[in-house]
Amino acid sequence: MSGRDIERNYETEREVKTRRKREQEEWARHGGYMNAKIQKLINKYDSDKSRENHESQSKLFENVAIFVNGYTEPSFDVLRNYMIEGGGRFEHYYSATRVTHIVATSLALSKQKLFADKKVVLPSWITDSVKKNSLQPYEKYLLLKRNKITNFFTSRESAPWTGSDVIDPSEINDVADAPQSSTFKELYSSTTEDLPGTTIQEEQSKKGGKSTALNMLSADQPGFVAEFYGNSRLHHLSEWRTQLKDLVNEIRADPEHRLTGRDHLVHKYLDSSKPSSSSLTLELSSHNKSTSSVYMHIDMDCFFVSVVLRQHPELKDRPVVVAHSKGDVPGNQPYSSMSQIASCNYVARQAGVKNGMMMGKALSLCPDLQVLPYDFDGYSEVSRTLYRTVASYTTEIEAVSCDELYVDITSLLSIGTYDQLAQEMRQDIRSRTGCPCSAGMGGNLLLARLATRSAKPDGQYYVSPQDVLDFVSKHQVNDLPGVGRVTSRLLEKQKVETCAQLQAFSLAKLKDKFGAKTGESLYKLCRGQDDRQLRPDQPRQSVSCDVNYGIRLTDAHQVELLFENIAAEVSKKLRNARLLSKQVTLKLKVRSADAPTQSAKFMGHGICDNMSKSSSLKHPTDGAVLIKTVCLNIWRGWNILPSDLRGVGIQMTKLQQVQACTRRDKQTDLLNFVGKGKTNATDISPTKPVAIVISDDEDDGDKKQILDTNLPSVTPEVPALCGYSRLEDVSDVLNRWVVAERGRLAMFTLSTFLNSPVDLYQKEFNNLFYVEKKNYCISSDKLK
DNA sequence: ATCCTCCCCTAC
DNA sequence: TAAGGTAGGGGAGGAT
Ligand SMILES: Nc1ccn([C@H]2C[C@H](O)[C@@H](COP(=O)(O)OP(=O)(O)OP(=O)(O)O)O2)c(=O)n1
Ligand SMILES: [Mg+2]
Ligand SMILES: [Mg+2]
């Protein structure tokens, strides 16, 4: 079954509407709502200030101004009262100039970067200062130390979560005005996706400006990818997954890392009269090779909802979902919203609502649905706290996603029982994050994973060896990891719905039907067997960027701009990971010949044909210009109408780690290149200083990128510069040599490379010194 | 056999 | 309106 057929089964027919006026009204309404919200915050601030004036006796927090970031214990409100009563200031918005201290117990990675050189302190700085009635030195309470989070997890003193603070209920979306009628007529089984006709979406993305009232960037504009990614839950999910894998690797590699959670368990459950012997001997005795491993799988309950419900406890018994839009614009068809539900709580699940469901369908199942907006920073913070909490028990962890991980608990079982272990860890997670989670345990990854399903919500479950067959037989084949929509539909055709039924199939038959590996894996999984090991640090095999939303272009030039945008994004990712790649794959979504130009989902990709083609590079690269050029070559070989383009992905494979190259390599490479690529190479000698520079003539002439140099005065410092470097990291060095060598520098411009043989052009992007940032000008002799 | 390219499938 | 990303497993079929 092709992807296209599948989409047809769930994309809906949609009545085409002209409704610009309504959109404008909605925009105004929304603006009005936002304005009211801001006014409310201003009022709140003013009242804080007046309280400050009236109760001006205490000077405890004089000259202190705090900003509270994210979830804290004690709560936002309590901290605010302490500040105000202590004569300090409490800022509702972060401002580097006004705020003296940021208060947080955990930070999203993005915030860690933002606050890198700021005073970020634990809430206990405030509470301790209040307790002792004197301002404590903040240094003892820093959350960020040497670029990593330490303090919070080196002590177990933090109070348990009390979880009863309401912050600002005005942020809740309007409630419960969904229509009561039930004229929902099978929106989700239509076979034609859309009606042809009006071209609202096209008009919105006509070249040039920000289209229409909604300020959506057109796909050829510079900020388009960043804006889309900023709003894409799926992008965040993927980004966090890689960041959490990195976090696990960092923790595992950190010799300073302490197992404070584990120590606490040892203290609590093992005889504390002989404390000196406990930890070390246990470590050894637990390495009992004959015992097989036991795994725990931990997964947060309705993650996105739980995180935002901390601020809205009054909604916890009502059906709640997190999504971008409720689609309740006056004049829209009821139950027609195509906005996806990222997560729904268990009350909503009672009504049949599911993660990933369209809002329209969910509202038809549950008209009372409460829709809350995303809080991406909140999810990131909770994720990292979850991982650090688990890592305080053991570092035998495999990251699965932002709300989910596998843990090898074999050695921890010498401290306590399954139940004790899970209770302790879950309680710890809950008190640190304010969110519930569930845990499953079993003799392999499959059993642990399935056990979590039985455990949910807010529970735990252990599958003991004698129960395995019974336990797994009861499950639907659908529940098996790796068995999704297509596979279970294929099995359904064979009258197989449960694992018990699947067990009747012979290994040979399964291999024949599904292929060697898949067949064998199905054969084992339905019997509760699973060979997979925990794989904490698997090297990355690909790096990619995809955008399959919001693409409505009209001409080839716009396509080039979009490719440039996406190529820049993959390049950034490669450099971030310090990887170089030898193969580029371009993936496109192209509107199917018979598909309407307007998709079912606003600005969605609609019914598409997928195309992909890869191109191997002679030399590994991370350069955006090269990647873009290669992709455009592939694109030109296909003759696709720009207006039919609906999605673009660039995937980089055949990866290798950047290695700092030696001075000798560097000079050889560079001189080889210059010697071969340039007709007039007689000026080049090993002593002649050379820099390779991209000079983009369409930009103003000052913007140059330095790709490489063999400057003798730089080479002692080259190990620090080459391979991968950012201007921020190397600007000192750069400044020194640019000034010193001014006027002596030979320069090549990009056109030099474009006229070079292809392999030289690629070589130029080889793992050499590369300065990312523009606005960097050097003056020099031009090479004749 | 084993590898490669172009897909498809799955999970969060 | 809506934000349909991304990495890894693996199969089919051709090249070696
Ligand atoms: N189709 C999906 C599935 C998940 N997610 C996001 C939101 C979820 O909260 C988070 C974690 O996914 P889970 O599968 O763990 O689902 P939940 O945590 O929401 O619920 P559960 O209690 O079943 O784990 O990933 C999403 O955006 N879209
Ligand atoms: Mg979950
Ligand atoms: Mg999960």
Side-chain angles (χ1 to χ4, degrees), chain A residues 1-3 6-7 10-11 14 17 19 22-23 26-27 200-201 204 212-214 216-217 224-225 227-242 244-245 299-300 303-304 323-329 331-333 336-340 342-343 355-356 358-360 374 383 399-404 449 480-488 490 514-519 521 532 535 538 540-551 569-570 573 583 585 587 589 598-606 608 610-616 646-647 649-651 653-654:
Chain A
M1 178 181 282
S2 78
I6 290 165
E7 161 132 345
Y10 70 86
E11 293 272 0
R14 182 178 174 186
K17 286 159 265 183
R19 52 176 136 79
R22 296 225 181 81
E23 279 164 354
E26 159 61 7
W27 180 239
I200 296 170
Q201 293 176 23
Q204 289 196 352
T212 73
L214 278 165
M216 189 150 144
L217 289 172
F224 167 75
V225 175
E227 153 145 299
F228 168 62
Y229 278 179
N231 287 312
S232 164
R233 77 188 202 281
L234 293 175
H235 168 75
H236 280 104
L237 245 36
S238 297
E239 191 182 33
W240 293 332
R241 181 179 52 199
T242 48
L244 289 164
K245 283 179 183 290
D299 188 298
M300 304 300 290
F303 185 52
F304 282 16
H324 276 300
S325 163
K326 194 174 180 183
D328 55 351
V329 183
N332 269 13
Q333 288 290 325
S336 69
S337 171
M338 299 292 284
S339 177
Q340 287 205 12
S343 182
N355 287 1
M358 305 280 186
M359 181 60 72
Y374 290 89
S383 287
V400 177
S401 77
C402 65
D403 87 325
E404 182 174 348
R449 176 74 192 85
L480 295 173
V483 178
R485 202 172 40 165
V486 175
T487 312
S488 50
L490 284 173
F514 295 93
K517 301 240 193 171
T518 312
S521 145
R532 288 174 301 162
R535 287 170 24 169
Q538 218 207 349
R540 262 230 260 189
Q541 294 172 34
S542 71
V543 172
S544 64
C545 283
D546 299 55
V547 180
N548 297 308
Y549 181 84
I551 295 179
E569 206 70 37
V570 246
K573 275 171 90 163
Q583 187 176 50
T585 304
K587 299 180 293 174
K589 280 190 179 294
Q598 196 176 77
S599 56
K601 188 198 281 290
F602 173 69
M603 285 282 152
H605 57 62
C608 285
N610 298 316
M611 346 203 31
S612 91
K613 184 156 175 53
S614 54
S615 171
S616 289
R646 291 290 181 273
I650 298 178
Q651 183 183 45
T653 48
K654 303 215 197 304

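Naming convention: chains lettered A, B, ... in sequence-line order (proteins, then strands); numbering from 1 in each chain.
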Aromatic ring pairing A/Tyr549/A/Phe228, orientation class (parallel under 30°, perpendicular over 60°, tilted between): parallel
Among B/dC6, C/dG4, B/dC8, the nucleotide that comes nearest once only the side chain of A/Lys613 is considered: B/dC6
Any A/Asn548 side-chain N or O less than 4.0 Å from OP1/OP2 of C/dG5: yes
Pairwise distance OG(A/Ser383) to CG(A/Asp403) - rounded to 0.5 angstrom: 7.0 Å
Side-chain N or O of A/Lys573 closer than 4.0 Å to phosphate OP1/OP2 of C/dA7: yes
Of A/Gly515 and A/Gly327, the one whose closest DNA chain C nucleotide lies more 5': A/Gly327
Side chain of A/Ser612 - closest among B/dT5, B/dC6, C/dG5: B/dC6
A/His324-C/dA3 aromatic stacking (under 5.5 Å, under 30°): no
Length of the CZ-P vector between A/Arg535 and C/dG8, whole Å: 9 Å
Donor-acceptor pair between A/Asn548 and A/Lys589 side chains, under 3.5 angstrom: no
Nucleotide of C/dG4, B/dC12, C/dA2 approaching A/Ser599 most closely (side-chain heavy atoms): C/dG4
Nucleotide B/dT2, atom P - distance to NZ of A/Lys517 in whole Å: 11 Å
Among C/dA7, C/dG8, C/dA3, the one nearest A/Gln541 by side-chain distance: C/dG8
Minimum-distance nucleotide to A/Ser614 side chain [options: C/dG4, B/dC6, B/dC12]: B/dC6
Pairwise C1' distance for C/dA3 and B/dT10, with rounding to whole Å: 22 Å
Distance, rounded to the nearest Å, where A/Arg485 contributes CZ and C/dG4 contributes C1': 12 Å
Least distance between heavy atoms, A/Ser544 atom then A/Lys573 atom: O-NZ, 2.7 Å
Sugar-phosphate only, base, or nothing, as touched by A/Arg233 at under 4.0 Å among non-hydrogen atoms: sugar-phosphate
side-chain N/O A/His235 vs C/dT6 OP1/OP2, d < 4.0 Å: yes
For A/Lys326 against A/Met359, the heavy-atom pair lying closest together: O-CG, 3.6 Å
Minimum-distance nucleotide (side-chain atoms of A/Thr518 versus B/dC12, C/dA3, C/dG11): C/dG11
Closest approach of A/Gly327 to A/Ser325 (non-hydrogen atoms, all atoms of both residues): N-OG, 2.9 Å
Short side-chain N/O contact to C/dG5 OP1/OP2 from A/Ser232, under 4.0 Å: no
Out of C/dT6, B/dT5, C/dG8, whichever nucleotide has its closest atom nearest the side chain of A/Lys654: B/dT5
Sugar-phosphate, base or nothing in reach of A/Cys545, heavy atoms under 4.0 Å: sugar-phosphate
Atom-pair distance (CZ on A/Arg540; C1' on C/dT6), nearest Å: 9 Å
Parallel, tilted or perpendicular, as decided by the 30° and 60° cut-offs, for the rings of A/Tyr374 and A/His324: tilted
Listed nucleotide nearest any side-chain atom of A/Tyr549, set B/dC6, B/dC12, C/dG5: C/dG5
Interatomic distance, A/Leu234 CG vs C/dG4 P [rounded to whole Å]: 5 Å
Nearest-Å distance for atom pair CG/P, residues A/Leu244 and C/dA7: 14 Å
Closest nucleotide among B/dT10, C/dG5, C/dG4 to the A/Val486 side chain: B/dT10
Spacing of A/Gln340 atom CD relative to C/dA2 atom P, expressed in whole Å: 10 Å
A/Thr487 side-chain proximity, nearest of B/dC9, C/dT6, B/dC12: B/dC9
Value in whole Å for how far the P atom of C/dA3 lies from CE of A/Met358: 8 Å
5'-most by nearest nucleotide on DNA chain C - A/Ser542 or A/Gly519: A/Ser542
Short side-chain N/O contact from A/Tyr374 to OP1 or OP2 of C/dA3, under 4.0 Å: no
